Amino acid sequence: MTHDDPERRRAEIAEGVAAVRARVAAACAAAGRNEDEITLIAVTKTFPASDVRLLAGLGLTEVGENRDQEARPKAAECADLPLTWHFVGRLQTNKARAVAGYADVVHSVDRARLVSALSDAAVRAGRTLRCLVQVSLDEAAPGEAAGEPAGEQGRGGAAPAEVPRLADEIAGAGGLELGGVMAVAPLGADPLPAFTRLAEIAADLRGNHPDARIVSAGMSGDLEQAIACGATHLRVGTALLGGRRAIVR
Ligand SMILES: *Cc1c(COP(=O)(O)O)cnc(C)c1O
């Protein structure tokens, strides 16, 4: 995939956007849902700021990133665009302050220490961060899914039983607003049971927090199942932008 020829790249991305929008429309029709219930987030990790600009030109202004080191300069380069930035990756507490400077929504809040770090950072920055509780739907212990080591590489997420307490903490924290829940389907398994479980957790959460309506679920490979299970926010990278090269750390 070349990024060198802007016209060609624009056409490639336009094709990806059209294909994903068609999949979303078909999945909504199949599920009896309205397309305007769905927010499509373009996950632009590993792709340049010029791609974010092309996406915005195609009407896609919700942008997702998973690493602060990459997201921060990209957000700065695109500061003139009317974008909403979603932080979707594992977040270390020492990065909370940086992320609070540009992110609008943090999808990956999975522990109390992170709630307080984000709250302090948002208050200092004079910003409001919408936070989602990331739920681990893996059979294995949270953060140790299917052969992935815990820590940076693991996908994180709180155990379902921890969600109500974390949600209350977010709702009560200065500078933060509880948006709802997020999950990544377990690797290599049918996503439907996981997304069904997430829908139940989201419904329970709305019992105490009626405004926390976001259900962030569904990626390139499983957005249909996510829509069938009530997802409101899709995080799509590959299907919009093409394959990612391996990240060299
Ligand atoms: C990379 C990523 C996505 C997008 O994945 P694709 O399969 O490329 O659509 C979604 N969510 C999270 C948390 C990610 O890290």
Side-chain angles (χ1 to χ4, degrees), residues 1 3 12-13 15-24 27 38-48 51-52 55 60 62-72 74-75 84-92 95 99 103-111 114 130-138 142-158 179-191 194-195 198 214-227 229 231-249:
M1 171 140 334
H3 307 299
E12 276 173 355
I13 295 179
E15 215 173 287
V17 170
V20 170
R21 290 210 186 283
R23 285 175 64 189
V24 170
I38 308 291
T39 299
L40 177 59
I41 301 165
V43 179
T44 52
K45 64 189 185 200
T46 78
F47 292 101
D51 280 0
V52 176
L55 284 162
L60 246 170
E62 307 279 334
V63 184
E65 286 282 335
N66 73 335
R67 296 171 72 224
D68 173 60
Q69 303 91 296
E70 182 183 348
R72 204 183 333 167
K74 221 181 275 186
T84 298
W85 288 90
H86 298 257
F87 192 88
V88 304
R90 290 216 80 182
L91 183 50
Q92 297 169 302
K95 297 283 169 60
V99 168
D104 300 291
V105 188
V106 178
H107 290 230
S108 45
V109 180
D110 62 359
R111 58 201 190 278
L114 186 53
R130 181 169 286 178
C131 292
L132 312 185
V133 179
Q134 183 178 349
V135 189
S136 171
L137 298 172
D138 292 307
E144 292 177 89
E148 285 189 320
E152 266 305 80
Q153 303 277 309
R155 283 172 298 165
V181 292
M182 177 273 219
V184 179
L187 272 180
D190 177 1
F195 289 155
L198 182 65
I214 295 178
V215 181
S216 169
M219 316 194 337
S220 294
D222 56 20
L223 67 87
E224 285 84 1
Q225 290 93 333
I227 289 172
C229 295
T232 64
H233 287 56
L234 309 174
R235 310 177 310 270
V236 179
T238 312
L240 292 169
L241 294 162
R244 289 182 289 273
R245 293 186 192 129
I247 298 171
V248 179
R249 288 174 191 271

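First listed ligand is number 1; within each ligand, the first listed atom is number 1. What you see is a predicted model; the values in this text were computed from it and never measured. Position 1 is the first residue of the sequence; numbering continues from there.
Given atom 8 (O) of ligand 1, the protein heavy atom at minimum distance is T238 OG1, 2.5 Å. Given atom 5 (O) of ligand 1, the protein heavy atom at minimum distance is M219 CE, 3.6 Å. For atom 15 (O) of ligand 1, the closest non-hydrogen atom on the protein side is K45 NZ, 2.6 Å. Among all protein heavy atoms, the one lying closest to atom 6 (P) of ligand 1 is S220 OG, 3.5 Å. The closest protein non-hydrogen atom to atom 11 (N) of ligand 1 is R235 NE, 2.9 Å. Of the protein's non-hydrogen atoms, V88 O, 3.4 Å is the one closest to atom 13 (C) of ligand 1.
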| task | May I have the step-by-step check of salt bridge (charged side-chain N to carboxylate O under 4.0 Å, His left out) for E70 and K45, ending in yes or no? | result | CA-CA 7 Å; E70 182 183 348; K45 64 189 185 200; over 6 Å; no
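M182 is not listed as a side-chain neighbour of H233, based on a closest heavy-atom distance of 4.5 Å or more. Side-chain atoms of V236 and L223, non-hydrogen and from C-beta on, do get closer than 4.5 Å to each other.
Atom CD of Q225 is separated from atom CG of D190 by 7.0 Å, given to the nearest 0.5 angstrom.
Under 4.0 Å is where a charged nitrogen must lie from a carboxylate oxygen, and between K74 and E65 at least one such pair does.
Each of the following atoms of ligand 1 lies closer than 4.0 Å to a heavy atom of V236: 9 (O). Every atom of ligand 1 with a heavy atom of G237 under 4.0 Å away is listed here by number and element: 4 (C), 6 (P), 8 (O), 9 (O).
Qualifying ring-ring contact (aromatic ring centres under 6.0 Å, His included) partners for H86, counting only residues two or more places apart in sequence or in other chains: H107.
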